[in-house]
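To start, the structure under review is shown below, and the notes come after it.
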Amino acid sequence: MSNEPRQRIQDSTAPSTDTREDRMGSGVDARMNSKLREAFGASPFILTKFDQFMNWVRGNSMFMLQFGIACCSIEMIHTYAIKHDVDRYGAGVPRASPRQADVMIVPGTIVSKFGPRMKRVYDQMPEPKFVVGMGSCTISGGPFQEGYNVVKGAEEIIPVDIHVPGCPPRPEALVYGILKLQERIQHGESSPVVVKPYELEEFGDLPEDELVQKLAAEIDEEDLVMRYNWADSP
Amino acid sequence: MSTGIERHETEEALAELIGDRLLERDDHLNAPGFVIRPDDVQSVLADLREEAGFDMLSCVTGQAYDDRYETIYHLKRYADPTREASVVVPTATDEPVSETAEPIYRAADWGERECYDLVGIEYEGHPDHRRILLPETWQGHPLSPDYDQDKPQIVTLSEHANPIQPDHRESDTMFLNIGPHHPATHGVLHVKTVLDGETVVDLDPDIGYLHRCEEQMCQQGTYRHQIMPYPDRWDYVSSGLLNEWAYARAAEDLADIEVPEYAQVIRTMGAELCRIASHMLALGTFALDVYGEFTALFQYTFRDREIVQDILEDLTGQRLMFNYFRLGGVAWDLPEPREEFFENVRDFLDELPAKVVEYNDMVTSNEIFQVRCVDTGVLEPEVAKSYGVTGPVARGSGVDYDLRRDDPYGYYENLEWNVVTEDGMDNYSRVLVRMQEVEESAKIIEQCVDLLEEWPEDDREIQANVPRTLKPDAGAETYRSVEAAKGELGIYIRSDGTDTPARFKIRSPCFHNLSALAEMAEGEYIPDLVASLGSLDIVLGEVDR
Ligand code: SF4
């Protein structure tokens with residue numbers, strides 16, 4: 001089979017007439033026949049496992065969540081924007097609502113006040129969902145690890161599939177991370193959760209201790225809270 | 001102006017004005033410091049404001065000593081920021097209560113809340129005395145001496161409680177949460193709004209979703225090397241060098257370091273490149289906010305940012321977090337071959353005017369844009385001043401204030417450029433100011449490149465000889481600011497004679513600018529709130545620090 005394209009669309013402004021007939025009559029429209037299809041010849045079937053096929057499709061159609069936190073999000077925007085353009089990999093249209101997204105890039109430092117919010121946003125995403133941790137902050141708290149208010153890594157709150165190290169990672173690095181995630185999704189892999197994350201729980205369910213007693217007047221029993229045990233953080 | 005203000009030019013005259021309310025003097029390197037009693041705060045500040053013309057409360061610093069707590073009000077004049085005064089208010093450790101300055105300066109509202117939150121000083125009579133950065137349920141005050149950071153904390157996730165509430169008037173009001181995860185808030189800002197129909201009747205920015213303990217980090221780092229990486233992360237929209245300069249200026253003042261002229265020129269050039277990159281992002285995201293322009297304009301501004309970032313990467317070695325300044329100079333000389341670097345910069349500058357025309361065609365003369373921006377989000381100059389608003393936001397309200405000219409540093413004095421102001425006071429003016437500032441920055445860069453090209457080879461000193469370990473004199477205090485991309489970025493440092501600062505306080509322009517949001521948005525439509533927020537060009541990393 002030659003490598004000649006079926007149709008030349010450059011260098012000509014003449015009206016294109018060669019496919020005019022294809023729409024006529026019944027049956028399969030000849031325009032739909034790709035070169036690939038021709039290669040299959042008379043037996044146009046492929047045999048594959050359904051799971052594999054689904055993962056392949058899933059990996060190539062990632063809907064990112066529009067989610068900016070800190071400095072890394074600037075490089076993330078650059079990754080979406082002109083020049084680096086992750087749209088090339090079918091991952092370039094960020095969704096503003098978590099309900100429409102299936103990949104979350106966590107681009108920055110997570111602090112105590114934001115932790116519960118991030119958990120909530122993550123919980124709102126439909127399964128299967130994936131997380132790319134961008135930057136050192138999502139690995140360990142990064143430069144702010146010793147801060148009194150800083151969560152020591154995104155994994156303390158949500159499971160992370162791919163870590164992209166750097167402070168901030170260059171857009172190229174993020175693209176690489178996204179491609180790695182695609183690969184993993186295509187293979188149907190996910191990362192095991194190795195740390196016990198902080199949970200959102202009802203205040204009434206917390207084991208009673210000094211702190212809980214102190215706050216009892218301020219917080220309702222049913223209010224959702226996240227309890228940070230800083231002393232146990234790595 | 002009035003002769004009264006001139007009468008109070010000298011320190012003695014100020015001391016006389018304070019009279020017997022003055023307990024003692026506690027001078028800082030940048031300004032005379034007047035120690036007063038906690039219950040004289042309002043009367044002294046009112047006199048300094050009315051009689052001596054200190055119309056700007058630049059910063060409120062709270063700190064804890066072993067034997068006392070202390071609040072410092074750093075005062076300045078918009079007309080002449082080199083005329084400064086510090087009002088120092090000590091309070092006892094067991095009862096850290098002091099009178100609020102909020103009735104005199106609106107800027108004290110958020111400033112004092114922050115001191116309460118982080119240090120634990122209480123302000124009597126404060127209209128809104130609660131935490132500002134940390135969650136409401138936080139225990140303890142992290143920058144106070146007996147704070148234990150390993151204690152557990154509980155943080156709540158409050159739900160969207162009772163959205164529609166009956167009102168005394170005809171209609172009902174609706175409570176609406178914007179953020180903290182929302183595309184229009186430019187990061188993790190949470191704005192609690194109360195709407196009557198589509199009109200905003202009440203608004204409360206809830207910040208602290210990115211409070212990364214920057215001050216604590218700087219207090220743990222050594223002056224010489226460990227602090228400089230952090231400023232890049234305050235205003236992270238490529239304004240790194242501008243922020244680094246704020247720290248460099250304060251620390252160089254504290255340790256009395258002279259910066260070689262050659263390094264000053266490089267600093268000036270780098271800083272202005274950062275300003276262009278930062279204003280480009282402001283423009284792109286603002287267009288995105290007000291008329292959903294994601295395909296053309298947003299991408300155009302990012303195209304230009306990429307060029308600037310490439311130049312900055314050549315210069316500093318990093319795209320975003322430069323860590324390029326050193327105390328006493330810069331880390332390294334211009335990249336070799338120098339001609340190529342100059343050519344890159346010149347190419348960018350040559351193309352810029354055409355691009356600016358293009359931006360003006362697409363944005364400022366766009367009808368939809370004008371409808372959204374002209375006469376919305378009005379901020380009167382007097383209101384702006386009382387909130388301590390600075391930067392393009394102040395200049396868009398006709399406040400002619402730019403530290404590069406008014407309190408010169410670096411090489412700005414020797415270059416030809418103008419301070420841009422607009423008197424529209426609205427969202428549109430703020431965009432115009434930024435657009436023109438890009439052109440002014442380009443002028444500055446061009447002159448710097450001319451200078452650097454001609455600079456004799458044997459005189460290219462990039463760093464002063466600074467001791468390996470810096471230990472400024474114990475008890476030295478200074479407050480220094482520079483004109484960052486968003487306005488006046490000030491640093492207060494107190495040294496205790498060791499190689500790390502005893503107190504490191506960051507005066508963030510975005511923090512003050514954001515505090516004026518309610519003035520701009522209340523009574524306006526909700527879409528105008530989004531436009532006003534965008535035109536403030538805040539960066540949450542700097543608001544929350
Ligand atoms: S990893 Fe570095 S660049 Fe990224 S959010 Fe953290 S501090 Fe900022």
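Throughout, a chain's letter reflects where its sequence line sits, starting with A, and its residues are numbered from 1.
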Open item on the list: If you count heavy atoms of other groups shown closer than 6.0 angstrom to NZ of A:Lys83, is the number above 12?
Closed with: yes

Task: Minimum side-chain heavy-atom gap A:Pro143-B:Tyr230 below 4.5 Å - done: yes

TODO: Would you indicate whether A:Arg99, at its atom CZ, is surrounded by more than 12 heavy atoms from other residues, nucleotides or ligands within a distance under 6.0 Å?
DONE: no

TODO: Evaluate the ring planes of A:Trp230 and B:Trp138, with Trp represented by its six-membered ring, and classify them as parallel (under 30°), tilted (30 to 60°) or perpendicular (over 60°).
DONE: tilted

Open item on the list: Once rounded to the nearest 0.5 Å, what's the spacing between atom CG of B:Leu157 and atom CG of A:Leu200?
Closed with: 5.5 Å

- [ ] For the pair B:His211 and A:Tyr148, evaluate ring-ring contact (aromatic ring centres under 6.0 Å, His included) and give the outcome as yes or no after the intermediate values.
- [x] CA-CA 10 Å; B:His211 174 53; A:Tyr148 49 82; 5.6 Å; yes

Open item on the list: Applying side chain to side chain donor-acceptor pair (under 3.5 Å) as the test, list every pair that has at least one member in residues 64-77 of chain A; sequence neighbours left out.
Closed with: A:Glu75-B:Arg319

Open item on the list: Please evaluate residues B:Tyr209 and A:Met118 with respect to the criterion side chain to side chain contact (heavy atoms under 4.5 Å, CB included), reporting the C-alpha separation (whole Å), side-chain torsions for both, the decisive distance (0.1 Å), and the verdict.
Closed with: CA-CA 11 Å; B:Tyr209 290 94; A:Met118 187 170 85; over 6 Å; no

Open item on the list: Give me the atom names and distance for the closest heavy-atom approach of A:Phe144 to B:Arg212.
Closed with: CD2-O, 3.3 Å

TODO: Please state whether the side chain, the backbone, both or neither of B:Ile207 comes within less than 4.5 Å of a heavy atom of chain A.
DONE: backbone

TODO: Report the distance from atom SG of A:Cys167 to atom CG of B:Leu320, rounding to the nearest 0.5 Å.
DONE: 9.0 Å

Task: Candidate pair B:Arg233 and A:Cys137, rule side chain to side chain contact (heavy atoms under 4.5 Å, CB included), full reasoning - done: CA-CA 12 Å; B:Arg233 290 161 181 81; A:Cys137 284; over 6 Å; no

Open item on the list: For chain B, which candidate among A:Met226, A:Arg117, A:Arg227, A:His84 shows the most heavy-atom pairs at distances under 4.5 Å?
Closed with: A:Arg117

Task: Options A:Val212, A:Ile219, A:Leu206, ranked by heavy-atom pairs under 4.5 Å with chain B, top entry - done: A:Ile219

Task: Max heavy-atom pair count under 4.5 Å with chain A, selected residue of B:Met321, B:Gln220, B:Glu136, B:Glu306 - done: B:Glu306

Open item on the list: Let me confirm one number: the CD1-CG distance from A:Ile77 to B:Leu281, rounded to the nearest 0.5 Å.
Closed with: 6.0 Å

- [ ] With rounding to the nearest 0.5 Å, note down the distance linking SG in A:Cys71 to CG in B:Leu540.
- [x] 11.5 Å

- [ ] Give a yes or no on whether B:Lys151 atom NZ has more than 12 heavy-atom contacts from other residues, nucleotides or ligands under 6.0 Å away.
- [x] no

Open item on the list: Strictly below 4.0 Å, N to O, side chains only: are A:Lys113 and B:Asp544 in salt-bridge contact?
Closed with: no

Open item on the list: Between B:Gln139 and A:Leu211 (side chain of the first, backbone of the second, donor and acceptor by atom type, cut-off under 3.5 Å), is there such a pair?
Closed with: no

Open item on the list: Please classify the contact of B:Glu313 with chain A as side chain, backbone, both or neither, using a heavy-atom distance under 4.5 Å.
Closed with: side chain

Open item on the list: Has B:Gln149 got a side-chain atom pairing as donor or acceptor with A:Glu146's backbone, closer than 3.5 angstrom?
Closed with: yes

Open item on the list: So, taking the atom named CD in B:Gln153 and the one named CG in A:Leu215, what distance separates them when rounded to the nearest 0.5 Å?
Closed with: 8.5 Å

TODO: Return yes when atom CD of A:Glu210 has more than 12 non-hydrogen atoms of other residues, nucleotides or ligands closer than 6.0 Å, and no otherwise.
DONE: no

TODO: Under 4.5 Å, counting heavy-atom pairs only, tell me which of A:Ile69, A:Asp223, A:Asp209 racks up the most with chain B.
DONE: A:Ile69

Task: CZ on A:Phe203 to OG1 on B:Thr156, rounded to 0.5 Å - done: 10.0 Å

Task: A:Phe114 ring center within less than 6.0 Å of B:His190 ring center - done: no

- [ ] Mind ranking A:Asn229, A:Thr109, A:Val150 by heavy-atom pairs under 4.5 Å with chain B and telling me who comes out on top?
- [x] A:Thr109

Open item on the list: Heavy-atom cut-off 4.5 Å, strictly under: side chain, backbone, both or neither for A:Lys214 against chain B?
Closed with: side chain

Open item on the list: So which atom in A:Gly68 and which in B:Val188 form the shortest heavy-atom distance, rounded to 0.1 Å?
Closed with: O-CG1, 3.8 Å

TODO: Look at A:Pro94, A:Cys72, A:Gly141, A:Pro168 and state which one has the largest set of heavy-atom pairs under 4.5 Å with chain B.
DONE: A:Pro168

